[in-house]
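I have placed the structure first, in the form of structure tokens, so that the comments after it can refer back to it.
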Amino acid sequence: MKKKILVTGGTGYIGSHTAVELIEDGFEVVLIDNLHNSEAEVAERIGKITGTKPRLEVFDICDREKLNDFFQRNMDVSAIIHFAAYKAVGESVSKPLDYYWNNLVSLINILEGMKDYAVPAIVFSSSCTVYGQPEKLPVTEDAPIQPAISPYGNTKQIGEEIIRDTVAANKNIRAVSLRYFNPIGAHKSALIGELPRGVPENLVPFITQTALGLRDELKIFGDDYDTPDGSCIRDYLHVVDLAKAHVIAVKRMLENKNKHDYEVFNLGTGQGVSVLEAIKSFERVSGIKLKYKITGRRAGDIEKIWADPSFANRELGWKTLSSLDEAMKTAWEWEKAVRKKN
């Protein structure tokens, strides 16, 4: 009998790719999403890729009553992967209360549900933003947690603390926090990918939309950072590589291979890439010269950060497989497919 995995935020960017990997690994997948930043049609697209359409329930997990009703109807959930959160750094600076409410109440409700309905394992979608601007690079899991630069980053720090305390107080719950660096790209089928509503907050959708002429020009937030070309440096990893790590983390707990009841892993390539280098990568794979303009620094942005993924490589047996160019190519194919459809 297939083990049932609940994926919150399951029609979102990373959630949908993780659902694909779970289904292809033999799990039964149930999605919950309030469709704040995604479309119900994504469940159909997951079905086209895998041959199995996951069940989608549309509601907000900040609504405790509706979440309780879900658990009462799904007493056989084996693990939860929790993606449901607002994630735009810049927006969080201007709308902090929205971020604290959505990101923390949803997590608390999920953990209460795990306690009440005996769900033993959770994978938490965390972020490298918990490190703030690190003192040393690359960043290991032992790096000190710096004061958060944005409310978004703070919700991830607080979220990890809530999980750590919950696991310590409840011996039947295990958890893994996966600290992502910068996911980009799309599934090779071009059926799912990153599709932000409104003006993109992340670099790659802004690049692909500019290349298609949907945006007049790409904005680069600052060229006066202490980096080789003055633009911010990030660690960009392919979203499919990232999704596979969630499957490994779930299996690690379900198969009792975890070394501790609460574990943390960095997920990145280990390579720092500047914004300008990322633009050059896209231009290389697409053959399109991008129009861009340097603007002022953006509130909440970290100057430079990239991962030391050796702990995840060693403990999980996970590593990134796709190059930056490959990730950019899939992002471009996805963007063209979406606009052609629309």
Side-chain angles (χ1 to χ4, degrees), residues 5-9 14 18 61-62 64 67 71 77-87 92 96 99-135 139-181 242 245-246 248-268 305 307-312 314-316 318:
I5 311 298
L6 166 60
V7 181
T8 70
I14 305 171
T18 300
I61 58 173
C62 287
R64 183 72 193 281
L67 187 59
F71 280 120
V77 170
S78 296
I80 298 169
I81 305 180
H82 180 49
F83 293 108
Y86 296 163
K87 64 183 181 66
S92 79
Y99 274 68
Y100 286 116
W101 171 264
N102 184 75
N103 293 8
L104 299 180
V105 172
S106 62
L107 174 61
I108 291 167
N109 285 350
I110 284 290
L111 292 170
E112 289 279 11
M114 291 179 70
K115 270 178 30 184
D116 294 345
Y117 298 96
V119 181
I122 182 170
V123 178
F124 178 58
S125 167
S126 192
S127 167
C128 66
T129 56
V130 301
Y131 297 115
Q133 179 56 64
E135 294 169 357
V139 185
T140 69
E141 289 82 356
D142 296 325
I145 302 298
Q146 304 283 358
I149 293 176
S150 69
Y152 164 73
N154 204 24
T155 66
K156 293 302 182 184
Q157 288 184 359
I158 297 167
E160 286 195 14
E161 290 168 0
I162 290 170
I163 293 170
R164 187 181 297 111
D165 291 344
T166 302
V167 168
N170 297 272
K171 295 306 178 186
N172 295 324
I173 294 178
R174 286 168 285 180
V176 171
S177 285
L178 298 179
R179 293 173 178 167
Y180 315 158
F181 280 67
L242 178 63
H246 293 76
I248 295 169
V250 163
K251 291 166 78 171
R252 180 179 175 86
M253 289 184 285
L254 294 182
E255 295 168 6
N256 296 312
K257 292 180 179 176
N258 50 301
K259 303 274 180 71
H260 305 281
D261 288 339
Y262 179 65
E263 298 181 312
V264 173
F265 297 97
N266 285 344
L267 299 181
I305 189 168
D308 178 347
S310 57
F311 184 56
R314 185 173 68 251
E315 278 294 313
L316 299 179
W318 170 89

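Residue numbers count from 1 along this sequence.
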Legend entry - I61 and N109, any side-chain heavy atoms less than 4.5 Å apart: no
Legend entry - Side chains of H82 and S106 in contact at under 4.5 Å (non-hydrogen atoms): yes
Legend entry - Atom pair CZ (R164) and CG (D261), whose distance is rounded to the nearest 0.5 Å: 13.0 Å
Legend entry - Flag for T166-Y262: side-chain donor and acceptor within less than 3.5 Å: no
Legend entry - Polar side chain donor-acceptor pair, D308 to S310, under 3.5 angstrom: yes
Legend entry - L242 and Y180, any side-chain heavy atoms less than 4.5 Å apart: yes
Inset, instruction - Mind listing the closest non-hydrogen atom pair of A307 and P309 along with its distance? - result: O-CD, 3.4 Å
Inset, instruction - Quick one: closest heavy-atom pair of L178 and A249, and the distance? - result: CD1-CB, 4.4 Å
Legend entry - Under 3.5 Å: donor-acceptor pair, side chain of Q157, backbone of P147: no
Inset, instruction - Hey, could you give me the OG/CG distance between S127 and L267, rounded to the nearest 0.5 Å? - result: 11.0 Å
Legend entry - For the student: nearest non-hydrogen atoms of A175 and I163, plus distance: CB-CG2, 3.4 Å
Inset, instruction - Quick one: do I81 and S125 satisfy side-chain contact (heavy atoms from CB on, under 4.5 Å)? Show the steps, please. - result: CA-CA 8 Å; I81 305 180; S125 167; over 6 Å; no
Legend entry - Any side-chain heavy-atom pair of S78 and L254 under 4.5 Å: yes
Inset, instruction - Would you check if I149 and T129 make a side-chain contact, meaning some heavy-atom pair closer than 4.5 Å? - result: no
Inset, instruction - Of all the heavy-atom pairs spanning N154 and A148, show the shortest one and how long it is. - result: N-CB, 3.5 Å
Inset, instruction - Verify the ring-centre separation between F311 and F265: is it less than 6.0 angstrom? - result: yes
Legend entry - Separation of I162 CD1 from I110 CD1 (nearest 0.5 Å): 13.0 Å
Legend entry - Residue pair A85 / K156: nearest heavy atoms and the distance that separates them: CB-NZ, 4.0 Å
Inset, instruction - Might you confirm whether atom CG of N172 has over 12 heavy atoms from other residues, nucleotides or ligands at distances under 6.0 Å? - result: no
Inset, instruction - Nearest 0.5 Å please: distance from the CD atom of E112 over to the CG atom of L107. - result: 10.5 Å
Inset, instruction - Determine the interplanar angle of the Y152 and Y99 rings, folded into 0 to 90°, and report it as parallel if under 30°, tilted if 30 to 60°, perpendicular if over 60°. - result: perpendicular
Legend entry - Spatial distance of atom CD1 (I248) from atom CD (E315) [nearest 0.5 Å]: 12.0 Å
Inset, instruction - Would you indicate whether the side-chain heavy atoms of M253 and E263 approach each other to under 4.5 Å? - result: no
Inset, instruction - Apply the test salt bridge (Lys or Arg N to Asp or Glu O under 4.0 Å) to residues R179 and E141: give CA-CA distance (whole Å), side-chain angles for both, the deciding distance (0.1 Å), then the verdict. - result: CA-CA 9 Å; R179 293 173 178 167; E141 289 82 356; over 6 Å; no
Legend entry - I145 side chain near Y131 side chain, heavy-atom distance below 4.5 Å: yes
Legend entry - Side-chain touch S92/Y86, heavy atoms, less than 4.5 angstrom: no
Legend entry - Minimal non-hydrogen separation, V250 against A79, with atom names: CG1-CB, 4.2 Å
Legend entry - Pairwise distance CD1(I158) to CG(N103) - rounded to 0.5 angstrom: 10.0 Å
